[in-house]
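Presented below is the structure to which this report refers.
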Amino acid sequence: MANTHFKPALIIVDVQADFCPPNGTLAVPNALAIIPTINHLLTLPFPLKIATKDWHPHNHTSFASTHPGTSPFVSTTTITTPVGSYETKLWPDHCIQGTPGAALLPSLSIANIDQVVEKGQRQDIEMYSAFFDPHKCVDSGLKDVLERGGVTDVFVVGLAFDYCVRATAVDAAAEGFRTWVVGEGTKAVDAGAWDEVVGDLKEKGVRVVSVHGEEVAR
Ligand code: VGL
Ligand code: ZN
């Protein structure tokens, strides 16, 4: 018999106050426009609905403030793990554990979310993906949650398209989940990067789709 098994999970990435206008320290342009789509998706019968939270210590290595003489959005820092080293972008302070900026956006239908997964807690490691850091030194536990739930398909929305949504979708596809990004449910830090990110995601097996059923190109 054909394998028609379909058990989808909704993953809402980092819809936190600090990533949203008007007061977010790292506000993604037009982030609030994705909330109606996400709240609609949260009314649908996904067997598993997970929100992730960027959840940094106050002196996280991704903060420009941690590295004297650097500037957010412009400077980089080197991250070294037992696996090797890589450069990563520096940001304004954001999503510091327990602060109002790290809270899920109040206009999100939080009551419909089953589980919250935190990421980015390690001071010395950047973690855009909600699964792992780039060297797989840190595992958030999200993969285990999905596997124990028998999930086949992962639908990714949230912030930001060109950073944490992208990395989460790439890891989900690499872990063998059929992976979808819903275009109306995400916004980029750099809107001009949209097409390039869509191309990269498609190459990596991620389907970038519209709630209206077509592929999104914009
Ligand atoms: C993110 C930059 C820094 C994201 C998190 O959620 O996309 N971007 N930390
Ligand atoms: Zn972060």
Side-chain angles (χ1 to χ4, degrees), residues 2-16 19-21 28-54 104-105 107-110 112-117 119 127-132 140 142-143 145-147 149-218:
N3 178 15
T4 53
H5 188 49
F6 175 64
K7 187 163 177 187
L10 180 64
I11 301 185
I12 302 161
V13 175
D14 300 0
V15 179
Q16 293 165 270
F19 291 125
C20 295
V28 175
N30 301 312
L32 298 181
I34 72 178
I35 303 305
T37 297
I38 296 176
N39 283 343
H40 171 65
L41 293 171
L42 278 167
T43 68
L44 302 180
F46 286 92
L48 194 52
K49 300 168 186 172
I50 295 172
T52 73
K53 290 209 276 190
D54 212 28
L104 292 175
L105 199 71
S107 57
L108 199 60
S109 299
I110 293 165
N112 294 348
I113 293 167
D114 300 313
Q115 199 171 331
V116 175
V117 170
K119 66 185 182 66
M127 191 158 158
Y128 290 145
S129 163
F131 289 89
F132 315 105
S140 70
L142 177 57
K143 181 188 169 191
V145 170
L146 298 176
E147 287 184 349
V151 167
T152 60
D153 289 59
V154 167
F155 288 77
V156 187
V157 292
L159 302 168
F161 179 62
D162 41 352
Y163 290 94
C164 291
V165 167
R166 173 189 204 161
T168 298
V170 166
D171 275 355
E175 291 302 325
F177 301 101
R178 189 181 296 116
T179 304
W180 313 76
V181 172
V182 180
E184 294 89 345
T186 184
K187 291 287 181 190
V189 171
D190 174 9
W194 184 273
D195 289 342
E196 182 208 316
V197 175
V198 169
D200 179 58
L201 287 171
K202 287 184 175 174
E203 264 176 40
K204 291 173 176 159
V206 176
R207 293 137 163 102
V208 183
V209 294
S210 159
V211 279
H212 304 298
E214 307 109 34
E215 299 222 318
V216 174
R218 69 170 183 219

Open item on the list: If the condition is ring-ring contact (aromatic ring centres under 6.0 Å, His included), which residues does Tyr128 pass it with, not counting sequence neighbours?
Closed with: Tyr163
Side-chain polar contacts of residues 29-42 - donor-acceptor pairs under 3.5 angstrom, sequence neighbours left out - could you list them?
unit_1	atom_1	unit_2	atom_2	d
Asn39	OD1	Ser109	N	2.8
Asn39	OD1	Ser109	OG	3.1
Asn39	ND2	Ser107	O	2.9

- [ ] Mind listing the closest non-hydrogen atom pair of Val13 and Cys164 along with its distance?
- [x] CG1-CB, 3.7 Å
- [ ] Kindly compute the distance separating NE2 (His5) from OG1 (Thr152), expressed to the nearest 0.5 Å.
- [x] 5.5 Å
- [ ] Rounded to the nearest 0.5 Å, what's the gap from OG on Ser129 to CD on Glu175? Could you check?
- [x] 9.0 Å
Task: Heavy-atom closest contact (Thr168 atom, Ala130 atom, distance) - done: OG1-N, 2.9 Å
- [ ] Keeping the roles fixed (side chain from Thr52, backbone from Asp14), state whether a donor-acceptor pair exists under 3.5 Å.
- [x] yes
- [ ] Please examine the side chains of Trp180 and Val156, heavy atoms only from C-beta on, and report whether any two atoms are closer than 4.5 Å.
- [x] no
- [ ] Report yes if the side chains of Leu159 and Cys20 come closer than 4.5 Å at any heavy-atom pair, otherwise no.
- [x] yes
Task: Atom pair NZ/CD1 of Lys49 and Ile110 - distance to nearest 0.5 Å - done: 14.0 Å
Task: Side-chain touch Lys119/Asp54, heavy atoms, less than 4.5 angstrom - done: yes
TODO: Hey, can you tell me if Phe155 and Phe46 have their rings parallel, tilted or perpendicular (30° and 60° cut-offs)?
DONE: perpendicular
Open item on the list: Between Phe177 and Asp153, does the side chain to side chain contact (heavy atoms under 4.5 Å, CB included) criterion hold? Intermediate values first, please.
Closed with: CA-CA 5 Å; Phe177 301 101; Asp153 289 59; over 6 Å; no
Open item on the list: Let's go through Val181 and Val157 carefully: what are the C-alpha distance in whole Å and the side-chain angles of both, what is the deciding distance for side chain to side chain contact (heavy atoms under 4.5 Å, CB included) to 0.1 Å, and is it a yes or a no?
Closed with: CA-CA 6 Å; Val181 172; Val157 292; over 6 Å; no
- [ ] Can you sort out the partners of Phe132 under ring-ring contact (aromatic ring centres under 6.0 Å, His included), two or more places apart, ordered by chain and number?
- [x] none
Task: Nearest heavy atoms of Pro47 and Asp114, plus distance in Å - done: O-OD2, 3.9 Å
Open item on the list: Taking Gly158's backbone N and O only, do any of them form a donor-acceptor pair with Thr186's side chain (distance below 3.5 Å, no angle check)?
Closed with: yes
Task: Donor-acceptor pair, side chain of Lys7 and main chain of Gly149, under 3.5 angstrom - done: yes
Open item on the list: For a 4.5 angstrom cut-off between non-hydrogen side-chain atoms, does Ile50 reach Leu142?
Closed with: yes
Task: Which atom of Thr179 lies closest to which atom of Ala169, heavy atoms considered - done: CG2-O, 3.6 Å
Task: Between NZ on residue Lys202 and CZ on residue Arg207, distance to nearest 0.5 Å - done: 11.5 Å
Open item on the list: I need the minimum non-hydrogen distance between Asp200 and Arg166, along with the two atoms involved.
Closed with: OD2-NH2, 3.3 Å
Task: Smallest separation among heavy atoms of Val209 and Glu184, with atom names - done: O-OE1, 4.2 Å
Task: Side-chain heavy atoms of Leu104 within contact of Lys53, under 4.5 Å - done: yes
Task: Side chain proximity check, Ile11 to Leu146, heavy atoms < 4.5 angstrom - done: yes
